[in-house]
Amino acid sequence: MRKGFIFSVILALVLVLPGLSQARVQGPCADCHTMHNSQNGAAVVSGGPYRALTKGDCVGCHTGGPNTGTNNIPYVNFTSAPTYGNFGIESGTNTLAGGNFYWVAQGSDAKGHNVSGIASQDGAIGLTPPGWNNTDFQKNGAVANGEATWSQQLTCAGTYGCHGDHQYTDDFKAISGAHHTDDSTIDGSTVGKSFRFLKGIKGIEDSDWEYQPTSTAHNQYYAVDRIGNFVDDPSAADPASINYLCAECHGNFHSGTGNTAGADDEGSTVGSPWIRHPSDFDMNNVSSKEYGQYPGPFDTAGTYWPGAPVGSTDLSGVKSTVLQAADDAIVLCISCHRAHGTPNDDLLRWDYTQCNASSGSSGNCGCYACHTTKY
Ligand code: HEC
Ligand code: HEC
Ligand code: HEC
Ligand code: HEC
Ligand code: HEC
């Protein structure tokens, strides 16, 4: 009897343990939910009740102290100053892959996405995203209902947001069920099975959201090489690429990479000299130039460097080396930017004012990772 009991406990552990590797919420329902938002006649959480009976809204739950890397909730909005270093990856830093909303919440509009509930609308830019293209890049659903000029502020999820399903204005509706979805397979088919609940986007998710990432522990971003695939035609761009996510709101900065100006700056051919910085472009195409020495001063040539990440078409595993085979070193919008925010203007990964040609200093400008002969 007693042996049988111990055996069942062990069996239960064996059955439960594989679940720990799945990136879906765990723990007591009461940690996250309240059924009536009332206990002993008093409110359980102020400001509530919230939808899906949660103990907070998106911003509320994802706001917290500096992440220790062992917490099971990705805090993206710290209440005290994060430690960022030069690139947000060094030992001692405590931000995650998207950076942090702390700086934009403090009132520095250029240092983050001005998401409703975190910061008021961007004083310089207003509501409409720079580079907004309201007809292309709608394969994952039309953001802002395709309005020519945005009538509402950016939100975490939904019609005016990055995460979830763009057909729903309500951000909880847009993300419904995602937190409880087993996402051991990420194919973009549902919100829960998309990379970080970004509907339609693929990739491999780092288990601690890139807390102090290394060449072997990092997100693997999905991307495609525009050469041979879609050149500059947005209708042929792969909607599962992380660059497509940015293009859903900043389309002209993605398509406008040709070498002649025209409608949306689309050129009939692409290549150097470019008219906008390329993304979805494989550095294997130009590895005989300085790009073959990526990541330049930061590590041995051919090592993946999370300070200026590159994407791949192959998602069979996390790549610690790149420039080994076609389509494994693709330039991303987030090679230079972080999605939530950074201490730098234009939510850049590093301080652009430190980028000086022929300075002899290689320390703190990420452009040098690819432009390996320019410092
Ligand atoms: C009750 C608290 C709570 C609320 C409310 C909440 N989240 Fe989360 N969220 C979590 C926790 C806990 C996790 C970590 C789950 C895990 O292990 O992947 C998480 C994870 C995430 C992730 C990362 C998923 C991944 O693949 O790693 C995203 C994106 C996210 N939440 C977005 C949102 C958005 C958008 C909203 C609002 C619609 C929201 N969350 C509301 C608690 C919450
Ligand atoms: C759902 C729409 C949406 C998506 C998706 C989106 N953005 Fe934005 N972005 C905006 C809006 C709206 C603004 C202007 C208001 C603001 O600054 O937040 C903006 C502003 C910016 C700015 C300028 C910030 C400033 O204040 O100077 C940068 C840089 C940027 N986005 C980069 C990106 C990158 C990189 C991605 C992909 C990871 C991305 N955006 C995805 C809507 C979006
Ligand atoms: C760590 C936080 C967390 C825990 C623990 C948690 N939930 Fe949730 N749950 C959420 C969040 C956040 C949402 C709303 C966003 C979403 O649907 O992804 C949600 C949504 C739901 C929904 C509506 C969407 C759906 O999947 O149908 C149900 C039902 C639900 N939870 C039931 C439960 C029950 C029952 C438990 C305990 C056995 C539980 N939850 C434990 C965070 C949690
Ligand atoms: C992830 C790698 C990567 C990073 C980081 C990067 N670039 Fe580039 N850049 C490239 C590639 C690849 C090209 C295209 C080169 C070609 O076609 O010969 C390019 C093209 C350019 C061009 C146009 C060159 C031409 O031949 O027309 C300029 C200028 C430029 N980058 C500046 C910068 C600056 C400034 C930064 C930092 C803010 C930066 N780049 C960061 C990879 C990168
Ligand atoms: C090579 C690094 C690099 C890459 C790759 C890159 N950007 Fe930028 N981005 C910058 C810099 C630097 C600025 C500052 C303005 C400038 O130099 O034009 C900027 C500015 C922006 C702005 C703000 C414009 C404004 O009016 O304030 C947006 C939005 C933006 N980028 C989106 C994107 C998107 C979307 C992609 C991918 C399609 C992308 N960026 C790729 C470096 C980059």
Side-chain angles (χ1 to χ4, degrees), residues 22-27 31-33 45 50-62 71-74 76 98 104 108-115 119 121-132 137 143-144 150 152-164 166 170-176 178-181 183 186 191-192 194-198 205-209 242-257 276-281 308 331-341 344-349 352 355 366-367 370-371:
Q22 288 166 8
R24 53 177 173 155
V25 291
Q26 296 171 24
D31 279 2
C32 302
H33 292 285
V45 279
Y50 295 97
R51 284 152 302 167
L53 320 188
T54 52
K55 283 180 153 179
D57 56 10
C58 314
V59 174
C61 262
H62 288 279
N71 291 339
N72 68 355
I73 180 161
V76 295
V104 70
S108 306
D109 283 343
K111 294 179 168 46
H113 270 116
N114 291 57
V115 173
Q121 83 173 68
D122 191 301
I125 298 176
L127 300 176
T128 307
W132 169 239
F137 303 104
V143 175
W150 284 33
Q152 290 183 41
Q153 196 183 342
L154 185 63
T155 52
C156 299
T159 304
Y160 292 87
C162 293
H163 299 277
H166 301 312
D170 179 300
D171 47 13
F172 272 91
K173 178 84 177 157
I175 213 158
S176 184
H179 285 75
H180 287 287
T181 301
D183 65 351
I186 294 184
V191 172
S194 296
F195 183 79
R196 305 305 186 203
F197 305 164
L198 299 163
E205 297 176 336
D206 183 40
S207 58
D208 62 4
W209 304 280
I242 191 72
N243 295 318
Y244 196 93
L245 183 261
C246 308
E248 288 176 27
C249 291
H250 303 287
N252 293 346
F253 293 178
H254 179 271
S255 61
T257 43
R276 293 203 200 214
H277 200 282
S279 55
D280 271 332
F281 178 70
V331 183
L332 310 171
C333 306
I334 56 171
S335 294
C336 300
H337 296 284
R338 286 191 186 275
H340 296 151
N344 307 311
D345 284 353
D346 291 298
L347 12 85
L348 285 166
R349 287 176 169 266
Y352 199 19
C355 294
C367 307
C370 303
H371 297 282

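Counting starts at 1 for both ligands and their atoms, following the listed order. Index from 1, following the sequence.
Contact annotation: the side chain of F137 never approaches that of C249 to less than 4.5 Å [non-hydrogen atoms, C-beta and beyond]. Side chains of R24 and H180 form no contact here, defined as non-hydrogen atoms less than 4.5 Å apart. No side-chain heavy atom of K111 sits under 4.5 Å from any side-chain heavy atom of N344. Using a 4.5 Å heavy-atom threshold, the side chains of D57 and F172 count as touching.
Considering backbone and side-chain atoms together, R196 places an N or O closer than 3.5 Å to an N or O of ligand 1. When only interatomic distances are considered, the shortest N/O to N/O separation between H250 and ligand 2 falls below 3.5 Å. Geometrically, ligand 2 and H337 share no nitrogen or oxygen pair separated by less than 3.5 Å. Annotation: H179 places an N or O atom under 3.5 Å from an N or O atom of ligand 1; distance criterion only. When only interatomic distances are considered, the shortest N/O to N/O separation between K55 and ligand 1 does not fall below 3.5 Å. For the pair Y160 and ligand 2, the shortest N or O to N or O distance does not fall below 3.5 Å.
Residue H113: an N/O/S atom is found under 2.8 Å from atom 8 (Fe) of ligand 2. With a cut-off of 2.8 Å, atom 8 (Fe) of ligand 1 has an N, O or S atom of H62 in range. Residue C246 does not count as close to atom 8 (Fe) of ligand 2, with no N, O or S atom under 2.8 Å.
The part of D57 lying near ligand 1 is the backbone, judged by heavy-atom distances below 4.0 Å. Neither the backbone nor the side chain of Y50 has any atom closer than 4.0 Å to an atom of ligand 1 (non-hydrogen atoms only). Contacts of Q121 with ligand 2, taken as heavy-atom pairs under 4.0 Å, are absent altogether.
Numbered from 1 in the order shown, with element, the atoms of ligand 2 that lie under 4.0 Å from a heavy atom of G161 read 1 (C). Which parts of ligand 2 touch W150 is read off a 4.0 Å heavy-atom cut-off, strictly below it: atoms 2 (C), 12 (C). Distances below 4.0 Å separate heavy atoms of D109 from the following atoms of ligand 2: 26 (O). Each of the following atoms of ligand 1 lies closer than 4.0 Å to a heavy atom of D171: 38 (C). The contact set between ligand 5 and C336, taken as ligand atoms under 4.0 Å from a residue heavy atom, comprises 1 (C), 2 (C), 3 (C), 4 (C), 5 (C), 42 (C), 43 (C). Every atom of ligand 5 with a heavy atom of Y352 under 4.0 Å away is listed here by number and element: 12 (C). Near C61, meaning under 4.0 Å from any of its heavy atoms, are these atoms of ligand 1: 1 (C), 2 (C), 3 (C), 4 (C), 5 (C), 6 (C), 43 (C). Under a 4.0 Å criterion applied to the non-hydrogen atoms of H163, ligand 1 contributes the atoms 29 (C). Residue L127 approaches ligand 2 through these ligand atoms, each under 4.0 Å from one of its heavy atoms: 12 (C). Set against the non-hydrogen atoms of V25, the atoms of ligand 1 under 4.0 Å away are 11 (C), 12 (C), 15 (C). With ligand atoms numbered from 1 in the order given, ligand 2 contributes 27 (O), 29 (C) to contacts under 4.0 Å with heavy atoms of D346. Those atoms of ligand 2 that come under 4.0 Å of a heavy atom in N114, given as number and element, are 16 (C), 17 (O), 18 (O). Every atom of ligand 1 with a heavy atom of P74 under 4.0 Å away is listed here by number and element: 13 (C), 14 (C), 19 (C), 20 (C). Those atoms of ligand 2 with a heavy atom of I334 less than 4.0 angstrom away are 38 (C).
With F281, W132, F253, Y244 as candidates, the residue nearest to atom 28 (C) of ligand 5 on a non-hydrogen basis is F253. When the options I125, V115, T159, L154 are ranked by their closest heavy atom to atom 25 (C) of ligand 2, first place goes to I125.
Summarising the geometry, atom CG belonging to L154 is positioned 8.0 Å from atom CG belonging to N114; distances are rounded to the nearest 0.5 Å.
At least one heavy atom of L332 sits less than 4.0 Å from an atom of ligand 5. The shortest separation from a heavy atom of S279 to ligand 5 is under 4.0 Å, placing the residue in contact.
There is a protein heavy atom less than 4.0 angstrom from atom 35 (C) of ligand 5. Distances from atom 18 (O) of ligand 5 to the protein include no heavy-atom value under 4.0 Å.
Side-chain N or O atoms of T159 include one that pairs as donor or acceptor with a backbone N or O of H166 at under 3.5 Å. Side chain of Q153 to backbone of Y160: no donor-acceptor contact under 3.5 angstrom is found.
Scanning all heavy atoms of the two residues, the minimum distance from D109 to V104 falls at O-CG2, 3.9 Å.
Counting heavy-atom neighbours within 6.0 Å of K55 NZ, excluding the residue itself, gives a total above 12.
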Next item on the list: Step by step, work out the ring-ring contact (aromatic ring centres under 6.0 Å, His included) result for F253 and H277.
Entry: CA-CA 8 Å; F253 293 178; H277 200 282; over 10 Å; no

